[in-house]
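I have placed the structure first, in the form of structure tokens, so that the comments after it can refer back to it.
Worth saying up front: this structure is predicted, and the values here are computed from it rather than measured. Heavy atoms only: backbone and side chains are in, while hydrogens, waters and symmetry mates are out.
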Amino acid sequence: MELLKISSNSNPNSVAGAIAGLIKEKKKVEMQAIGAGALNQAVKAIAIARGFVAPSGVNLVCIPAFADVEVEGEERTGIKLIVKEEN
């Protein structure tokens, strides 16, 4: 599964395009966000991506979970968002 690392500086439209492309290709994508700003950009990107794929009859499902991530040698807790095509 592809992993997209989202930061508070990520452009939601660009991330949405990546999500839509990966959903069409692999049916599933995992996103990782650390911090409120990054999570905000990730959720906006999912909403935008849903608008990209909905006209072709695809509905997206988002499954949130906690993830332990190592950043610069330090263990941090982030949010993992698994986005997949609804069956």
Side-chain angles (χ1 to χ4, degrees):
M1 185 173 6
E2 292 292 321
L3 176 65
L4 298 177
K5 293 183 179 183
I6 311 300
S7 77
S8 59
N9 297 324
S10 295
N11 181 330
N13 287 312
S14 298
V15 176
I19 292 169
L22 289 167
I23 289 293
K24 288 178 185 175
E25 183 182 325
K26 300 193 177 188
K27 309 291 186 215
K28 190 188 275 190
V29 63
E30 184 175 317
M31 301 167 69
Q32 189 177 59
I34 300 173
L39 183 59
N40 182 49
Q41 298 303 79
V43 172
K44 284 195 277 188
I46 294 168
I48 295 166
R50 184 172 184 269
F52 290 164
V53 299
S56 61
V58 175
N59 196 24
L60 297 181
V61 176
C62 178
I63 304 166
F66 287 106
D68 292 324
V69 182
E70 189 173 319
V71 178
E72 297 176 3
E74 192 177 315
E75 195 73 20
R76 309 245 341 241
T77 300
I79 297 287
K80 173 171 65 172
L81 300 169
I82 298 170
V83 180
K84 61 183 185 175
E85 186 176 323
E86 185 176 47
N87 294 332

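Distance check: Lys80 NZ to Ile63 CD1 gives 10.0 Å after rounding to the nearest 0.5 Å. Atom CD of residue Glu85 and atom OG of residue Ser56 lie 8.0 Å apart, to the nearest 0.5 angstrom. Taken to the nearest 0.5 Å, the NZ atom of Lys84 stands 16.0 Å off from the CG atom of Leu22.
Phe52 and Asn13 make their closest contact through CE1-O, 4.4 Å (heavy atoms, listed as atom of the first residue, atom of the second, distance). Heavy atoms only, all atoms of each residue included: Ala20 and Ala49 are closest at N-CB, 4.4 Å. The nearest pair of heavy atoms linking Ala42 to Ile6 is N-CG2, 4.0 Å. Pro55 and Gly51 make their closest contact through CD-O, 3.2 Å (heavy atoms, listed as atom of the first residue, atom of the second, distance). Pairing each heavy atom of Ala45 with each of Ala16, the nearest pair is O-CB, 3.4 Å.
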### Task
Start with the C-alpha distance between Gln32 and Val69, add both sets of side-chain angles, then the distance that settles side chain to side chain contact (heavy atoms under 4.5 Å, CB included), and finish with yes or no.
CA-CA 9 Å; Gln32 189 177 59; Val69 182; 3.3 Å; yes
### Message
Assess the residue pair Arg50 and Asn59 against the criterion (side chain to side chain contact (heavy atoms under 4.5 Å, CB included)); give the C-alpha distance rounded to whole Å, side-chain angles, the decisive distance to 0.1 Å, and a yes or no.
### Response
CA-CA 7 Å; Arg50 184 172 184 269; Asn59 196 24; 3.1 Å; yes
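Cluster annotation: Val53 is connected to Leu4 through the hydrophobic network of ILVMFWY side chains, with a link wherever side-chain heavy atoms come within less than 4.5 Å. Tracing side-chain contacts under 4.5 Å through hydrophobic residues (I, L, V, M, F, W, Y), one reaches Leu81 starting from Val58; they form part of the same cluster. Val83 and Ile34 fall into different hydrophobic clusters, where Ile, Leu, Val, Met, Phe, Trp and Tyr residues are linked whenever their side-chain heavy atoms come under 4.5 Å apart, directly or through other members.
Residue Met31 forms a side-chain contact (heavy atoms from CB on, under 4.5 Å) with just one option from Ile79, Leu39, Ile19, Leu3, and that option is Ile19.
Annotation for Lys44: atom NZ counts as buried by contact number, over 12 foreign heavy atoms lying within 6.0 Å.
Checked against side-chain contact (heavy atoms from CB on, under 4.5 Å), Glu72 has no partners two or more places apart in sequence or in another chain.
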